[in-house]
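Shown next, in structure tokens, is the structure this report addresses.
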Amino acid sequence: MSSSRRQYPFHLIEPKWQKTWDEQQAFRAFNPGEEVPASHPFGVRHGLSGKVAATQLPPKYYILDMFPYPSGAGLHVGHPEGYTATDILARYRRTCGFNVLHPMGWDSFGLPAEQYAVKTGQHPRVTTEANIANFTRQIKSLGFSYDWSRELATTDVEYFKWTQWIFLKLYNSYFDPEWKKAAPIEFLQDALSDNPNLKNMWESNSYLVNTNKLWNEAKPEVRDEFRSIVIERARLAYVSEAPVNWCPELGTVLANEEVIDGKSEVGGFPVIRKPMRQWMLRITAYAEKLLADLDTIDWSDSLKEMQRNWIGRSEGAEVDFKVADSNEMIRVFTTRPDTLFGATYMVLAPEHRLVDEIVTEEQSIAVENYREHTARKSDIERTELAKEKSGVFTGAYAINPVNGEQIPIWIADYVLASYGTGAIMAVPAHDTRDFEFAQKFNLPVIQVVQPSEAKAEWQGFTDDGTAVNSGFLNGLPTTESKCKITAWLEEKGLGKKTINYKLRDWLFSRQRYWGEPFPIVWKKGPSGQPPYHEALPESSLPLLPPTLEDYKPTAGGEPPLARAKDWMNEIPGATRETNTMPQWAGSCWYYLRYTDVKNAQSFVGKDADNYWMASNGKAAGVDLYVGGTEHAVLHLLYARFWHKVLFDLGYVATPEPFYKLVNQGLILGEDGQKMSKSRGNVVNPDDVLVDYGADAFRLYEMFMGPLQDTKPWNTKGVEGVYRFLGRTWRLFVDEKSETAFEQAEALATEAQSHRELLDLILLDGGITDIAATLAQLKALHACIKKVTEDLDGMRFNTAISAMMVFINEAMTWQNKPVTVMKPFLQLLAPFAPHIAEELWARLHGTFGQATTSLAYAPWPKFDAALLVESEIEIPVQVNGKFRDVIKVAVEADNATIEAAAKAAEKAQPFLVGKTIKKVIIVPKKMVNLIAG
RNA sequence: GCGCGCGUGGUGGAAUGGCAGACACGCCAGACUUAGGAUCUGGUUCCGCAAGGAUUGGAGGUUCAAGUCCUCUCGCGCGCACCA
């Protein structure tokens with residue numbers, strides 16, 4: 001392809017306009033309080049110059065891409081899909097008069113750069129900077145209208161300083177159960193002190209008042225311990241010793257969300273459970289809000305569903321079972337308290353703390369073996385063996401509180417320690433898992449629910465029905481019997497209604513070098529006491545990672561930061577935390593920083609936040625966020641969580657960060673397979689750009705199909721839109737001058753400027769300022785209407801098709817009125833901005849008007865009156881089948897239409913010998929003659 | 001297994017319940033041409049010379065009218081997966 005003649009000189013046009021935009025800072029977005037230069041096209045459009053207040057600025061539109069991890073491999077064609085869509089909309093909104101914020105940056109902490117450092121010793125920062133430079137070059141070559149003055153990288157010191165600052169806010173906050181929001185930990189500390197001095201702030205809060213009461217009642221010698229336990233259990237960032245997902249291959253722990261089928265999401269390496277001291281974030285405190293607020297935002301149903309599933313709310317009851325011949329109680333969680341009469345045994349998770357207490361002498365060896373066996377099993381093995389149930393009897397019995405019957409207590413790994421209470425009552429008749437287990441171990445099965453269809457099998461019936469064999473519940477439908485039994489349990493003090501979530505707290509520390517260090521130190525406790533952690537003051541930020549020679553974990557399995565002894569022990573009497581934050585930390589709030597990227601006093605200024613993020617009509621936060629589905633539960637849940645904490649603490653103005661979110665679909669290789677290096681089907685944008693240019697590339701990415709769909713790449717398809725741009729070009733320029741240009745270019749010296757060469761190309765003589773014909777105006781206005789509506793609905797493919805229709809028609813015109821051709825360029829501009837700017841400049845050059853900036857020229861409006869036809873075609877059906885088309889005046893009444901339809905030539909053969917019984921007329925749409 | 005989404009020409013895809021297949025790729029024919037892998041013109045769902053008939057994964061249903069709405073079914077994709 002590169003050997004054949006170019007359709008038009010995109011290789012000169014594209015760099016020319018990219019340079020012009022850069023020099024003009026054409027896409028600078030202005031914050032309230034900023035100076036707008038009088039010459040800036042945004043200022044010209046809105047009549048603004050000098051320092052502008054928020055009230056003077058036009059309405060904002062914040063349109064955001066998920067920022068990329070700058071990998072060594074560079075951009076692939078999947079990245080620019082979303083970026084092109086957002087760029088088109090950003091450019092469109094600018095012409096509509098919005099103050100558009102459209103930024104780009106880098107999610108630049110991350111494992112690959114660190115792994116490269118381990119191998120080569122090159123500092124990750126060096127690798128990262130080189131990759132960013134390459135990504136920047138590639139992205140800029142596509143002509144996106146980003147405001148590069150707001151570029152940020154999560155690895156910038158000035159950025160991660162504030163990531164660390166937000167961590168301190170999390171550390172120094174707790175979730176107040178009464179206020180139902182995060183609050184400064186000072187309130188809790190105050191309530192846990194002898195002389196509270198913030199009491200007026202919390203005396204109406206029953207949780208804090210109660211905490212204070214407990215403090216006053218506690219014996220003085222236990223007060224210190226009491227205080228630290230209460231506070232550590234409340235902080236939003238806390239330390240846990242629980243078993244974690246340890247990935248030996250990656251040398252780090254992973255969050256639950258990063259583990260898929262027992263393997264690491266990155267690399268697919270085995271993950272094992274291992275108890276370790278880790279930092280956690282209390283995202284579970286926000287489970288309810290994260291769930292409820294999904295209803296307030298405009299995301300796809302499937303994405304919301306994924307978040308709902310991940311949060312996994314389930315309503316049920318906790319029930320206490322007394323252990324026979326013991327004072328112990330076992331608490332279970334069940335969503336089906338109505339089946340309590342059918343509980344024939346009980347199962348504890350192998351890790352349950354009561355196992356040791358209740359196990360009998362005879363069973364102790366079997367139980368111990370089983371526990372060891374499960375502990376050794378990796379998560380993969382646990383999943384793979386899921387089909388076959390296993391377990392061991394403890395020898396102990398529990399008493400069913402409703403009927404006093406003794407039921408055996410088992411342990412089995414199908415009960416998870418980390419969900420609910422880590423114990424269940426087993427109702428094999430109406431739970432698939434319990435049923436399998438009961439079959440295998442010959443445990444009794446008692447029916448307590450009758451399916452509504454009499455013939456249905458009750459064994460293994462898990463739906464709602466009617467209670468049977470259930471004493472005072474008999475005859476009640478499931479919903480009612482749930483209520484009745486729950487009330488009964490509450491009355492007797494044996495249980496209560498409970499809501500459980502699958503969502504677990506977020507494991508927030510990693511044993512890595514290339515991440516944000518925690519602003520935390522550890523201090524020795526008083527003799528005999530364990531070490532305790534302490535936050536560094538905000539004034540100590542940023543906390544930089546130390547310089548290392550070797551980036552591997554230590555031989556003793558300590559994180560790489562532990563190699564820097566001086567750094568670790570820099571503060572007298574304290575040791576630094578050597579874990580770092582996960583990559584998700586930086587991406588949790590970058591969208592906020594974009595709004596005020598240079599602010600040195602605050603992570604984001606109030607004015608900037610109020611202007612860019614505050615509600616704009618219904619919309620709150622980012623107006624449009626586009627990115628891949630791979631972030632459906634990780635980034636998007638974490639970012640919502642941080643945002644809500646910052647909102648609760650009063651640092652941001654909105655409760656949700658992203659009002660509207662769209663997932664772009666995957667682009668597959670030409671073979672219809674997922675693009676991958678190993679398949680050799682990866683398409684590199686650089687190559688496409690050399691052959692067809694950025695405008696064709698952008699156009700093709702959008703023309704392939706709906707943005708949200710998965711679709712295969714097809715280079716032939718690029719040629720199609722490329723030809724369309726060629727036709728557009730030829731419609732505007734003089735052919736002879738183009739030939740002259742080509743000859744001159746072939747002989748051109750290096751010194752000859754591209755601009756000079758391009759100036760050889762002249763505007764086509766057919767473009768004149770004569771009045772447009774009605775047909776020409778119709779073609780234009782139909783195109784304006786379609787493109788405008790499709791842009792509003794993000795239907796880029798059909799918008800492009802409408803422009804193709806226009807060009808195909810315009811090619812038949814002898815005279816091309818400038819009043820028609822100019823607005824067309826405005827429609828084309830968001831999609832193919834370089835060629836549109838070039839032709840726009842030529843039009844203005846020839847017709848002697850001052851060149852206004854295309855990027856800010858007001859979007860053309862369509863005139864509906866022009867689209868009204870005086871005569872319309874109406875399809876005629878006979879008995880529902882299409883037979884002919886009639887032409888009638890648009891204002892024709894039904895009688896006229898009916899007469900014309902009955903006379904329609906091609907309908908006659910189907911009407912012969914029949915009487916017309918009924919005529920259905922849908923005005924302006926169709927006629928249906930019912931004959932028989 | 002559960003949840004969500006999708007099935008339309010050789011291909012990517014268009015169609016507020018109202019002429020299925022816009023637009024583009026590919027293919028076929030023609031024009032210009034020393035040449036065409038440039039450009040332009042015409043054709044292109046299938047069967048049929050035609051009139052006409054069939055046709056939106058399959059089977060039913062609602063409706064004057066169904067790709068579109070409902071039920072069942074098959075196939076594909078995505079997500080979750082022992083969460084009690």
Side-chain angles (χ1 to χ4, degrees), chain A residues 1 3-7 260-261 300-310 312-314 316 332-336 339 347 349 382-383 385-387 389 412-416 418-427 430-434 436-437 462 500-504 629 632-633 663 665-666 672 699-700 703-706 708-721 723-724 726-727 730 735 786 795 797-805 808 811-812 873-885 906 909 917-922 924-930:
Chain A
M1 181 62 223
S3 59
S4 72
R5 193 185 148 192
R6 281 187 194 93
Q7 291 268 350
I260 305 200
D261 292 336
S300 74
D301 289 340
S302 64
L303 190 63
K304 285 186 182 181
E305 204 51 36
M306 278 192 236
Q307 292 226 336
R308 284 194 194 104
N309 285 342
W310 194 265
R313 182 183 198 272
S314 73
V332 304
F333 174 72
T334 176
T335 54
R336 293 297 299 270
T339 61
V347 187
R382 260 172 112 143
T383 328
L385 297 172
K387 286 159 207 140
K389 292 273 182 293
D413 66 357
Y414 84 91
V415 172
L416 307 176
S418 47
Y419 183 76
T421 60
I424 60 155
M425 63 177 206
V427 184
H430 308 294
D431 182 283
T432 317
R433 298 147 304 180
D434 297 345
E436 278 172 28
F437 192 83
T462 57
N500 251 306
Y501 299 92
K502 279 202 286 185
L503 184 70
R504 312 289 157 75
T629 346
V633 285
N663 288 124
L666 210 60
L699 221 44
Y700 178 62
F703 188 62
M704 292 167 82
Q708 292 89 337
D709 287 8
T710 299
K711 46 214 175 276
W713 181 268
N714 176 7
T715 299
K716 287 282 185 195
V718 189
E719 287 178 33
V721 293
R723 280 203 282 265
F724 158 69
R727 282 199 291 274
R730 290 192 295 277
E735 211 181 311
K786 182 79 178 139
R795 293 179 296 268
N797 54 335
T798 49
I800 293 166
S801 132
M803 290 189 283
M804 288 173 166
V805 170
N808 289 347
M811 290 207 330
T812 67
E873 289 192 332
I874 294 181
V876 177
Q877 295 179 358
V878 177
N879 291 336
K881 273 196 191 262
F882 166 75
R883 295 301 173 188
D884 204 352
V885 174
K906 288 185 186 160
K917 294 193 238 166
K918 194 176 172 186
V919 179
I920 291 150
I921 297 174
V922 181
K924 297 180 193 178
K925 288 282 185 194
M926 56 121 270
V927 187
N928 193 0
L929 305 172
I930 311 301

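Chain letters run A, B, ... following the sequence lines, proteins first, then strands; residues in each count from 1. No hydrogens, no waters, no symmetry mates; every other heavy atom, side chains included, goes into these values.
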- In dot-bracket notation, what is the pairing pattern of RNA chain B, taking Watson-Crick (N1-N3 plus N6-O4 or O6-N4) and G-U wobble (N1-O2 and O6-N3) contacts under 3.5 Å, with [ ] crossing and | for other strands? (((((((..(((.....[....)))((((((.......))))))(((....)))..(((((..]....))))))))))))....
- Message: Holding to side chain to side chain contact (heavy atoms under 4.5 Å, CB included), I want the full list of residues that pass it with A:Arg313, two or more places apart in sequence or in another chain.
- Response: A:Glu288, A:Leu291, A:Glu315, A:Ile499, A:Tyr501
- Any residue meeting side chain to side chain donor-acceptor pair (under 3.5 Å) with A:Lys711, in chain and number order, not counting sequence neighbours: A:Glu81
- Message: List the residues meeting side chain to side chain donor-acceptor pair (under 3.5 Å) with A:Ser314, not counting sequence neighbours, and say none if there are none.
- Response: A:Tyr419
- Item | Annotated protein contacts, base or backbone, on nucleotides 23-32 of chain B with a non-hydrogen cut-off under 4.0 Å, one of B, S, - each | BSSS------
- side chain to side chain donor-acceptor pair (under 3.5 Å) partners of A:Arg727, counting only residues at least two apart: none
Report all interatomic pairs (protein N or O, nucleotide N or O of nucleotides 42-44 of chain B) with separations under 3.5 Å.
none

- Taking only residues two or more places apart in sequence, or in another chain, which ones meet A:Phe703 in a ring pair (Phe, Tyr, Trp, His ring centres under 6.0 Å)? none
- Message: Going by the rule side chain to side chain donor-acceptor pair (under 3.5 Å), which residues pair with A:Arg795 if we only count those two or more places apart in sequence or in a different chain?
- Response: A:Asp790
- Note on the structure: Sequence neighbours excluded, the answer for side chain to side chain contact (heavy atoms under 4.5 Å, CB included) partners of A:Leu666 is A:Leu668, A:Lys674, A:Thr710
- Query: For A:Val885, what residues pass the side chain to side chain contact (heavy atoms under 4.5 Å, CB included) criterion, not counting sequence neighbours?
  - Reply: A:Glu873, A:Phe882
- Considering residues at least two apart in sequence or located in another chain, which fulfil the side chain to side chain contact (heavy atoms under 4.5 Å, CB included) criterion with A:Lys917? A:Thr915
